Novice: 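Below you'll find the structure I mean.
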Protein chains: 2
Amino acid sequence: MNLSRAERRRRSEQRILEAARLLFAERGFDRTTIRAVAGMAGVDPALVMQYFESKQELFNQAIQASPAPEGAAEPGELVERMLETLGAKLSGLPPASLAMMRSMLTNSDATASARASLGRQIDQIGTALPGADSRLRAALVSSIMLGVTIGHQLLELDPLREASREEIDRLIRPCLLALLQDTA
Amino acid sequence: MNLSRAERRRRSEQRILEAARLLFAERGFDRTTIRAVAGMAGVDPALVMQYFESKQELFNQAIQASPAPEGAAEPGELVERMLETLGAKLSGLPPASLAMMRSMLTNSDATASARASLGRQIDQIGTALPGADSRLRAALVSSIMLGVTIGHQLLELDPLREASREEIDRLIRPCLLALLQDTA
DNA sequence: GTCTATAAAGAGATAGAC
DNA sequence: GTCTATCTCTTTATAGAC
């Protein structure tokens, strides 16, 4: 004998979630259908509803990403870590993150999720910085990383796609340093 | 007597376009219906189709924005002009631009429009800069402005909404200067 | 020229058979 | 437990009346 019912169900759920992430990441919330998700996962559309209650609920579970790494640091080290994060984002976002980003401007649950996710990042960076405007600086840094990621991964701007990670690092580093270090 | 038929038609078209811009800007392409546009413009839904052929064509015309101001400059002045542009964006985007931005991650025509619009901006900044990587720098500057605009206007990140234009200027300026001036 | 009425298609969701 | 069949709703788009 092979798998318990619970185990089979768990596997089906995972396949559905994985298919949902890929399709939501590619097409966004509105243009992704339950039928397409079911087709890709190799299950019946009704089963998707049975497991996840609604399309919106499926989406909400699909965009739950693993939380960002923890730990504070002084500005110089912080910049290096941000560049590392950015490099990772530019070489390929996890489907869950891409799905959230893709729909964050048109679906209110995705907007809320993006706001919360960026909020956490801002808090983390903000508390590592000195000064009264630390949260504003942190928000600007986060927005900058967001913009570069969108330009590279979603809009696919030619100059960004043609550049190597090292080139981007070299040009962005002084930019982030200027924002994080200056105490003027 | 008052208005010629052509004049009446022109005015109806303008009202429809204006309503379309507002609704597309607010809800994005997929969640905006012809019916809602017609309702806001005070005309019959069938008339909208009669004038614009399809929803996508209405959208394409609605997001046509006035082109950006021309003229090159040296880096220092360029930064000031970019800050001015950014300040304008943060105090309120024109509906046409907002409509384009809102849907640029989920509608392929909007993606193409955004890519073209940013491409023009990148060319303009790029030709004003010296050096081999001028286009990459220009693309990064444009992406940064995009990210801050999205964070402020669409995601409504608290730290950005609470900051004054002057604070943002002061923090972003060295960041842009570092990106545009460094010739290392 | 403008609107009424409707066609045609596709979606999410559900009830019940197996 | 899973899937077949269908319901119901909403949409874009169109044909034809006024």
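Bear in mind that the values here come from a model prediction, so they are computed numbers and not experimental data. Below, each value reflects all heavy atoms present in this structure, side chains not excepted, and no hydrogens, waters or symmetry copies.
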Novice: Determine the minimum heavy-atom distance between E57(B) and F52(B), stating which atoms define it.
Specialist: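 Smallest interatomic distance, heavy atoms only, reads CB-O, 3.2 Å.
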
Novice: As a test of reading the structure: which of dT2(C), dC3(D), dA11(C) is closest to the side chain of R35(A), going by heavy atoms?
Specialist: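 Looking only at side-chain atoms, R35(A) lies closest to dA11(C).
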
Novice: Measuring from the side chain of M49(B) (C-beta onward, heavy atoms only), which nucleotide among dT11(D), dA13(D), dC3(D) has the closest atom?
Specialist: dA13(D)

Novice: Which part of the nucleic acid, if any, lies within contact of S12(B), taking any heavy atom under 4.0 Å across all strands shown: a base, the sugar-phosphate backbone alone, or nothing?
Specialist: nothing

Novice: Return yes if some donor-acceptor pair links the side-chain N/O of S97(B) with the main-chain N/O of L93(B) below 3.5 Å, else return no.
Specialist: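 Absent.
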
Novice: Rounded to whole Å, please give me the gap between CZ in F29(A) and P in dA11(C).
Specialist: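 From F29(A) CZ to dA11(C) P: 13 Å.
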
Novice: In whole angstroms, how far is the C1' atom of dG12(C) from the CD atom of Q56(A)?
Specialist: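 It is 13 Å, rounded to the nearest whole Å.
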
Novice: For L47(A) and dA13(C), give me the distance from atom CG to atom P, rounded to whole Å.
Specialist: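 Distance check: L47(A) CG to dA13(C) P gives 15 Å.
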
Novice: Aromatic rings F29(A) and F24(A): how do their planes relate, parallel, tilted or perpendicular, breaks at 30° and 60°?
Specialist: parallel

Novice: Q50(B) has a side chain; which of dT2(D), dG12(C), dT2(C) sits nearest to it?
Specialist: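 Selected nucleotide: dT2(C).
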
Novice: Let me know the distance between CZ of R9(A) and P of dC3(D), rounded to the nearest Å.
Specialist: 13 Å

Novice: Please give, in whole Å, the distance from dT14(D) C1' to E53(B) CD?
Specialist: 12 Å

Novice: Which heavy atom in Q64(A) sits nearest to a heavy atom in A96(A), and how many Å separate them?
Specialist: O-CB, 4.3 Å

Novice: Which residues in residues 99-110 of chain B have at least one heavy atom lying under 4.0 Å from any atom of DNA chain C?
Specialist: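 Nucleic-acid contacts, sorted: none.
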
Novice: Considering only dT2(C), dA13(D), dT2(D), which nucleotide approaches the side chain of Y51(A) most closely?
Specialist: dT2(D)

Novice: Using every non-hydrogen atom in the two residues, find where M100(B) and S113(B) come nearest and quote the distance to one decimal.
Specialist: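 Scanning both residues, the minimum pair turns out to be SD-OG, 3.3 Å.
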
Novice: Are the side chain of Q153(A) and the backbone N or O of K89(A) linked by a donor-acceptor pair below 3.5 Å?
Specialist: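 Between the backbone of K89(A) and the side chain of Q153(A) there is a qualifying donor-acceptor contact (under 3.5 Å).
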
Novice: Nearest whole Å is fine: how far is dA13(D) P from F59(B) CZ?
Specialist: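 Checked: the CZ to P distance equals 14 Å.
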
Novice: How many Å lie between NZ on K55(A) and C1' on dT14(C), as a whole number?
Specialist: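 Rounded to whole Å, this separation is 18 Å.
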
Novice: Please give, in whole Å, the distance from dG1(C) P to E7(B) CD?
Specialist: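 Nearest whole value for this atom pair: 14 Å.
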
Novice: Under the side-chain contact (heavy atoms from CB on, under 4.5 Å) test, which residues partner L118(B), sequence neighbours left out?
Specialist: L155(A), L157(A), Q121(B), S142(B), L146(B)

Novice: Checking contacts here: which listed nucleotide (dT2(D), dT4(D), dT11(D)) is nearest the side-chain heavy atoms of A46(A)?
Specialist: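 Shortest atom-to-atom distance from the side chain points to dT4(D).
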
